[in-house]
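For ligands, and for the atoms within them, numbers begin at 1 and follow the listed sequence.
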Amino acid sequence: MRHLLNPLDFTVEEIDELLEVAGDIEKNPSKYAHVCDGKKLATCFYEPSTRTRLSFEAAMLNLGGSVLGFSSADSSSAAKGESIADTIRVISCYADICAMRHPKEGSALVASMNSGIPVINAGDGGHQHPTQTLTDLLTIHSLKGRLDGLTVGLCGDLKFGRTVHSLINALVRYPNIKFVLISPPELCVPEYIREDVLKANNVEFKELGNLDEALPELDILYMTRVQKERFFNEEDYIRLKDCYILTPKKMKLAKPDMYVLHPLPRVNEISVEVDKDPRAAYFRQAQYGVYVRMALIMKLLEVKAPC
Ligand code: NCD
(Lines give C-alpha, C1' and ligand atoms only; values in the text may rest on other atoms or scores of the structure.)
Protein backbone atom coordinates (compact mmCIF):
# COMPACT_ATOMS: atom_id res chain seq x y z
CA MET A 1 0.00 0.00 0.00
CA ARG A 2 1.33 3.46 -0.97
CA HIS A 3 0.81 6.80 0.74
CA LEU A 4 1.70 10.33 -0.38
CA LEU A 5 3.32 12.28 2.45
CA ASN A 6 6.08 14.11 0.59
CA PRO A 7 6.61 14.72 -3.15
CA LEU A 8 9.71 12.49 -2.92
CA ASP A 9 7.49 9.47 -2.19
CA PHE A 10 7.09 9.27 -5.98
CA THR A 11 9.93 8.92 -8.46
CA VAL A 12 10.30 11.47 -11.24
CA GLU A 13 8.94 8.81 -13.64
CA GLU A 14 5.87 8.27 -11.46
CA ILE A 15 5.25 12.02 -11.31
CA ASP A 16 5.61 12.27 -15.10
CA GLU A 17 3.07 9.46 -15.43
CA LEU A 18 0.63 11.20 -13.05
CA LEU A 19 0.91 14.43 -15.03
CA GLU A 20 0.28 12.52 -18.23
CA VAL A 21 -2.86 10.88 -16.82
CA ALA A 22 -4.00 14.28 -15.49
CA GLY A 23 -3.51 15.74 -18.98
CA ASP A 24 -5.62 12.95 -20.48
CA ILE A 25 -8.32 13.51 -17.83
CA GLU A 26 -8.46 17.17 -18.84
CA LYS A 27 -9.01 16.20 -22.48
CA ASN A 28 -11.31 13.18 -21.99
CA PRO A 29 -13.09 13.54 -18.63
CA SER A 30 -15.97 11.22 -19.54
CA LYS A 31 -13.58 8.31 -19.99
CA TYR A 32 -12.86 8.44 -16.25
CA ALA A 33 -16.42 8.98 -14.99
CA HIS A 34 -16.83 5.49 -13.48
CA VAL A 35 -13.34 4.21 -12.75
CA CYS A 36 -13.86 4.60 -8.97
CA ASP A 37 -17.51 3.50 -8.78
CA GLY A 38 -18.19 2.19 -5.28
CA LYS A 39 -15.00 3.65 -3.76
CA LYS A 40 -15.03 6.14 -0.90
CA LEU A 41 -12.67 9.02 -0.11
CA ALA A 42 -12.50 10.36 3.46
CA THR A 43 -11.44 14.00 3.79
CA CYS A 44 -10.19 14.59 7.34
CA PHE A 45 -9.43 18.28 7.66
CA TYR A 46 -8.35 19.60 11.05
CA GLU A 47 -7.44 22.97 9.49
CA PRO A 48 -9.33 25.38 7.19
CA SER A 49 -9.34 24.66 3.46
CA THR A 50 -11.31 25.58 0.38
CA ARG A 51 -9.41 24.40 -2.69
CA THR A 52 -7.65 21.35 -1.34
CA ARG A 53 -10.67 19.76 0.32
CA LEU A 54 -13.19 20.65 -2.35
CA SER A 55 -10.89 19.71 -5.21
CA PHE A 56 -10.29 16.32 -3.57
CA GLU A 57 -14.03 15.86 -3.23
CA ALA A 58 -14.68 17.00 -6.80
CA ALA A 59 -11.92 14.66 -7.98
CA MET A 60 -13.48 11.60 -6.31
CA LEU A 61 -16.99 12.52 -7.50
CA ASN A 62 -15.67 12.98 -11.06
CA LEU A 63 -14.28 9.44 -10.87
CA GLY A 64 -17.67 8.01 -9.85
CA GLY A 65 -16.77 7.53 -6.19
CA SER A 66 -18.24 9.13 -3.09
CA VAL A 67 -16.89 11.22 -0.23
CA LEU A 68 -17.30 11.51 3.51
CA GLY A 69 -15.40 13.44 6.14
CA PHE A 70 -15.11 16.45 8.38
CA SER A 71 -13.83 19.96 7.73
CA SER A 72 -12.70 21.14 11.17
CA ALA A 73 -11.13 19.65 14.27
CA ASP A 74 -14.11 20.92 16.30
CA SER A 75 -16.53 18.72 14.42
CA SER A 76 -14.44 15.54 14.87
CA SER A 77 -13.56 13.51 17.96
CA ALA A 78 -10.21 15.35 18.05
CA ALA A 79 -12.21 17.86 20.13
CA LYS A 80 -12.72 15.05 22.69
CA GLY A 81 -9.01 14.21 22.70
CA GLU A 82 -8.87 11.28 20.25
CA SER A 83 -5.42 10.59 18.75
CA ILE A 84 -4.75 10.62 15.02
CA ALA A 85 -3.68 6.98 15.29
CA ASP A 86 -7.09 5.93 16.64
CA THR A 87 -9.02 8.15 14.24
CA ILE A 88 -7.33 6.75 11.14
CA ARG A 89 -7.75 3.17 12.36
CA VAL A 90 -11.49 3.77 12.49
CA ILE A 91 -11.65 5.69 9.19
CA SER A 92 -9.89 2.73 7.55
CA CYS A 93 -13.11 0.76 8.25
CA TYR A 94 -15.30 3.36 6.50
CA ALA A 95 -13.33 4.51 3.44
CA ASP A 96 -10.88 3.27 0.80
CA ILE A 97 -8.53 6.28 0.85
CA CYS A 98 -8.03 9.32 3.08
CA ALA A 99 -6.83 12.88 2.48
CA MET A 100 -5.73 14.50 5.75
CA ARG A 101 -4.84 18.08 6.68
CA HIS A 102 -3.56 18.83 10.17
CA PRO A 103 -1.79 21.77 11.85
CA LYS A 104 0.99 19.55 13.24
CA GLU A 105 4.06 18.65 11.18
CA GLY A 106 4.34 14.88 10.76
CA SER A 107 0.67 14.16 11.44
CA ALA A 108 0.05 12.50 8.05
CA LEU A 109 3.10 10.30 8.66
CA VAL A 110 1.66 9.19 12.02
CA ALA A 111 -1.67 8.51 10.31
CA SER A 112 0.00 6.46 7.55
CA MET A 113 1.74 4.29 10.14
CA ASN A 114 -1.59 3.35 11.69
CA SER A 115 -3.75 3.19 8.60
CA GLY A 116 -5.28 0.33 6.68
CA ILE A 117 -5.88 2.60 3.65
CA PRO A 118 -3.68 4.96 1.60
CA VAL A 119 -3.16 8.33 3.31
CA ILE A 120 -2.59 11.52 1.35
CA ASN A 121 -0.96 14.44 3.14
CA ALA A 122 -3.15 17.43 2.32
CA GLY A 123 -0.89 19.74 4.36
CA ASP A 124 0.87 19.10 7.69
CA GLY A 125 1.56 22.36 9.51
CA GLY A 126 4.36 24.39 7.95
CA HIS A 127 6.01 21.23 6.60
CA GLN A 128 4.78 19.74 3.30
CA HIS A 129 1.84 19.92 0.89
CA PRO A 130 2.60 17.38 -1.85
CA THR A 131 -0.71 17.52 -3.72
CA GLN A 132 -0.36 21.28 -4.15
CA THR A 133 3.04 20.50 -5.63
CA LEU A 134 1.54 18.03 -8.10
CA THR A 135 -0.90 20.80 -9.04
CA ASP A 136 1.96 23.28 -9.43
CA LEU A 137 4.00 20.86 -11.56
CA LEU A 138 1.05 20.17 -13.85
CA THR A 139 0.41 23.91 -14.18
CA ILE A 140 4.05 24.73 -14.94
CA HIS A 141 4.27 21.85 -17.41
CA SER A 142 1.19 22.91 -19.30
CA LEU A 143 2.25 26.58 -19.40
CA LYS A 144 5.93 26.13 -20.24
CA GLY A 145 5.92 22.68 -21.88
CA ARG A 146 8.67 21.46 -19.56
CA LEU A 147 9.84 21.21 -15.96
CA ASP A 148 13.56 21.59 -16.57
CA GLY A 149 15.74 24.60 -17.41
CA LEU A 150 13.51 27.09 -15.59
CA THR A 151 14.31 29.99 -13.28
CA VAL A 152 11.67 29.88 -10.57
CA GLY A 153 11.11 32.77 -8.17
CA LEU A 154 9.42 31.96 -4.88
CA CYS A 155 8.21 35.04 -3.05
CA GLY A 156 6.68 35.79 0.34
CA ASP A 157 6.56 33.50 3.35
CA LEU A 158 9.20 30.92 2.50
CA LYS A 159 9.59 29.95 6.16
CA PHE A 160 6.10 28.73 7.01
CA GLY A 161 4.80 28.17 3.45
CA ARG A 162 4.54 24.39 3.13
CA THR A 163 3.71 24.65 -0.58
CA VAL A 164 7.12 26.28 -1.10
CA HIS A 165 8.95 23.50 0.75
CA SER A 166 7.24 20.76 -1.25
CA LEU A 167 7.71 22.55 -4.58
CA ILE A 168 11.45 23.03 -3.99
CA ASN A 169 11.74 19.38 -2.94
CA ALA A 170 10.11 18.26 -6.16
CA LEU A 171 11.79 20.66 -8.61
CA VAL A 172 15.39 20.03 -7.55
CA ARG A 173 15.12 16.64 -9.30
CA TYR A 174 14.76 18.27 -12.74
CA PRO A 175 17.88 19.42 -14.63
CA ASN A 176 18.98 23.08 -14.74
CA ILE A 177 16.46 24.49 -12.33
CA LYS A 178 17.46 27.78 -10.68
CA PHE A 179 15.68 29.32 -7.72
CA VAL A 180 15.41 32.94 -6.70
CA LEU A 181 14.14 33.01 -3.12
CA ILE A 182 12.53 36.36 -2.38
CA SER A 183 11.60 37.06 1.23
CA PRO A 184 12.37 39.30 4.19
CA PRO A 185 15.13 37.73 6.33
CA GLU A 186 12.57 36.71 8.99
CA LEU A 187 10.65 34.60 6.46
CA CYS A 188 13.49 32.94 4.55
CA VAL A 189 13.49 29.19 3.78
CA PRO A 190 14.21 26.86 6.71
CA GLU A 191 17.77 25.67 7.16
CA TYR A 192 16.91 22.07 6.13
CA ILE A 193 15.63 23.28 2.75
CA ARG A 194 18.74 25.40 2.15
CA GLU A 195 21.25 22.77 3.30
CA ASP A 196 19.68 19.33 2.79
CA VAL A 197 17.66 20.07 -0.33
CA LEU A 198 19.22 22.94 -2.30
CA LYS A 199 22.91 22.68 -1.43
CA ALA A 200 22.90 18.89 -1.13
CA ASN A 201 21.56 18.64 -4.70
CA ASN A 202 23.95 21.32 -6.05
CA VAL A 203 21.06 23.47 -7.16
CA GLU A 204 21.75 27.08 -8.11
CA PHE A 205 19.84 29.53 -5.91
CA LYS A 206 20.03 33.02 -4.51
CA GLU A 207 18.20 34.73 -1.69
CA LEU A 208 16.97 38.28 -2.24
CA GLY A 209 14.86 40.80 -0.39
CA ASN A 210 13.78 42.77 -3.44
CA LEU A 211 11.10 41.49 -5.83
CA ASP A 212 11.77 44.13 -8.53
CA GLU A 213 15.37 43.02 -8.77
CA ALA A 214 14.36 39.39 -9.29
CA LEU A 215 11.48 39.85 -11.74
CA PRO A 216 13.33 40.31 -15.09
CA GLU A 217 15.07 36.92 -14.96
CA LEU A 218 12.15 34.72 -13.87
CA ASP A 219 10.25 32.13 -15.96
CA ILE A 220 7.82 31.44 -13.12
CA LEU A 221 6.90 33.63 -10.15
CA TYR A 222 5.32 31.67 -7.30
CA MET A 223 3.70 34.14 -4.89
CA THR A 224 2.64 33.10 -1.39
CA ARG A 225 0.59 34.47 1.47
CA VAL A 226 2.21 35.34 4.78
CA GLN A 227 1.01 32.43 6.93
CA LYS A 228 -0.74 34.32 9.74
CA GLU A 229 -1.78 31.17 11.62
CA ARG A 230 1.82 30.03 12.10
CA PHE A 231 3.11 33.25 13.72
CA PHE A 232 3.82 33.34 17.43
CA ASN A 233 2.98 37.00 17.78
CA GLU A 234 0.60 39.27 15.95
CA GLU A 235 2.96 42.24 15.87
CA ASP A 236 5.41 40.36 13.64
CA TYR A 237 2.58 39.30 11.35
CA ILE A 238 1.30 42.86 10.99
CA ARG A 239 4.82 44.13 10.28
CA LEU A 240 5.46 41.51 7.58
CA LYS A 241 2.06 40.82 6.04
CA ASP A 242 2.31 43.29 3.18
CA CYS A 243 6.02 42.89 2.48
CA TYR A 244 5.35 42.08 -1.20
CA ILE A 245 2.47 43.21 -3.37
CA LEU A 246 2.56 42.27 -7.04
CA THR A 247 1.01 45.04 -9.15
CA PRO A 248 0.57 45.67 -12.91
CA LYS A 249 3.50 48.12 -12.66
CA LYS A 250 5.78 45.40 -11.32
CA MET A 251 4.53 42.96 -13.98
CA LYS A 252 6.07 45.32 -16.58
CA LEU A 253 9.49 44.27 -15.27
CA ALA A 254 8.79 40.60 -16.03
CA LYS A 255 9.31 38.62 -19.24
CA PRO A 256 6.29 38.43 -21.58
CA ASP A 257 6.13 34.68 -20.90
CA MET A 258 6.70 34.71 -17.15
CA TYR A 259 3.69 33.12 -15.48
CA VAL A 260 2.46 33.97 -12.00
CA LEU A 261 1.35 31.09 -9.80
CA HIS A 262 -0.11 31.20 -6.28
CA PRO A 263 -1.49 28.25 -4.30
CA LEU A 264 -4.25 30.59 -3.05
CA PRO A 265 -5.88 31.92 -0.91
CA ARG A 266 -4.60 35.35 -1.88
CA VAL A 267 -4.74 38.06 0.75
CA ASN A 268 -2.92 41.24 -0.38
CA GLU A 269 0.15 39.92 -2.13
CA ILE A 270 -1.26 40.09 -5.68
CA SER A 271 -3.39 43.11 -6.52
CA VAL A 272 -6.65 42.13 -8.23
CA GLU A 273 -5.67 44.20 -11.28
CA VAL A 274 -3.01 41.59 -12.06
CA ASP A 275 -5.80 39.02 -12.61
CA LYS A 276 -6.45 40.49 -16.07
CA ASP A 277 -2.85 39.92 -17.15
CA PRO A 278 -2.68 36.81 -19.38
CA ARG A 279 0.36 35.74 -17.38
CA ALA A 280 -1.74 35.41 -14.19
CA ALA A 281 -2.20 31.64 -13.99
CA TYR A 282 -3.40 31.09 -10.41
CA PHE A 283 -7.05 30.39 -11.16
CA ARG A 284 -6.11 27.96 -13.95
CA GLN A 285 -3.78 26.36 -11.40
CA ALA A 286 -6.74 25.72 -9.05
CA GLN A 287 -8.55 23.95 -11.91
CA TYR A 288 -5.53 21.75 -12.61
CA GLY A 289 -5.68 20.66 -8.95
CA VAL A 290 -8.78 18.59 -9.71
CA TYR A 291 -7.22 16.70 -12.64
CA VAL A 292 -4.05 15.85 -10.79
CA ARG A 293 -5.93 14.72 -7.67
CA MET A 294 -8.06 12.47 -9.88
CA ALA A 295 -4.89 10.92 -11.28
CA LEU A 296 -3.47 10.56 -7.76
CA ILE A 297 -6.55 8.85 -6.32
CA MET A 298 -6.46 6.39 -9.23
CA LYS A 299 -2.78 5.67 -8.67
CA LEU A 300 -3.10 5.05 -4.93
CA LEU A 301 -6.21 2.90 -5.40
CA GLU A 302 -4.37 1.04 -8.19
CA VAL A 303 -7.11 1.82 -10.67
CA LYS A 304 -5.85 1.58 -14.26
CA ALA A 305 -6.58 4.35 -16.74
CA PRO A 306 -9.19 3.15 -19.28
CA CYS A 307 -7.95 2.77 -22.89
C1 NCD B 1 -2.03 26.56 0.79
C2 NCD B 1 -1.91 25.78 2.08
O3 NCD B 1 -2.91 25.38 2.67
O4 NCD B 1 -0.76 25.57 2.46
N5 NCD B 1 -3.34 26.57 0.28
C6 NCD B 1 -3.75 25.56 -0.54
O7 NCD B 1 -3.76 24.42 -0.15
N8 NCD B 1 -4.06 25.87 -1.80
C9 NCD B 1 -1.43 27.91 0.83
C10 NCD B 1 -1.89 28.86 1.90
O11 NCD B 1 -2.75 28.56 2.71
O12 NCD B 1 -1.35 29.97 1.90
**Study point:** Donor + acceptor pair across side chains of Arg225, His262 (<3.5 Å)
**Key:** no

Exercise for review: Evaluate whether atom NZ of Lys144 has more than 12 neighbouring non-hydrogen atoms of other residues, nucleotides or ligands under 6.0 angstrom away.
Suggested key: yes

Point to revise | CD1-CD1 distance between Ile168 and Ile193, expressed to the nearest 0.5 angstrom | key: 5.5 Å

Practice item. Given side-chain contact (heavy atoms from CB on, under 4.5 Å), test Leu143 with Leu261 step by step and report yes or no. Key: CA-CA 11 Å; Leu143 295 169; Leu261 272 64; 4.1 Å; yes

Review point. With a 4.0 Å cut-off, would you call Lys27 and Asp24 a salt bridge?
Key: no

**Study point:** Pairs meeting criterion side-chain hydrogen bond (donor to acceptor under 3.5 Å, both in side chains) with involvement of residues 56-70, two or more places apart
**Key:** Thr43-Glu57, Arg53-Glu57

Study note, to complete from the structure: Within the heavy-atom cut-off of under 4.0 Å, ligand 1 is lined by Thr52, Arg101, His129, Gln132, Arg162, Thr163, Arg225, Gln227, Pro263, Leu264, Pro265

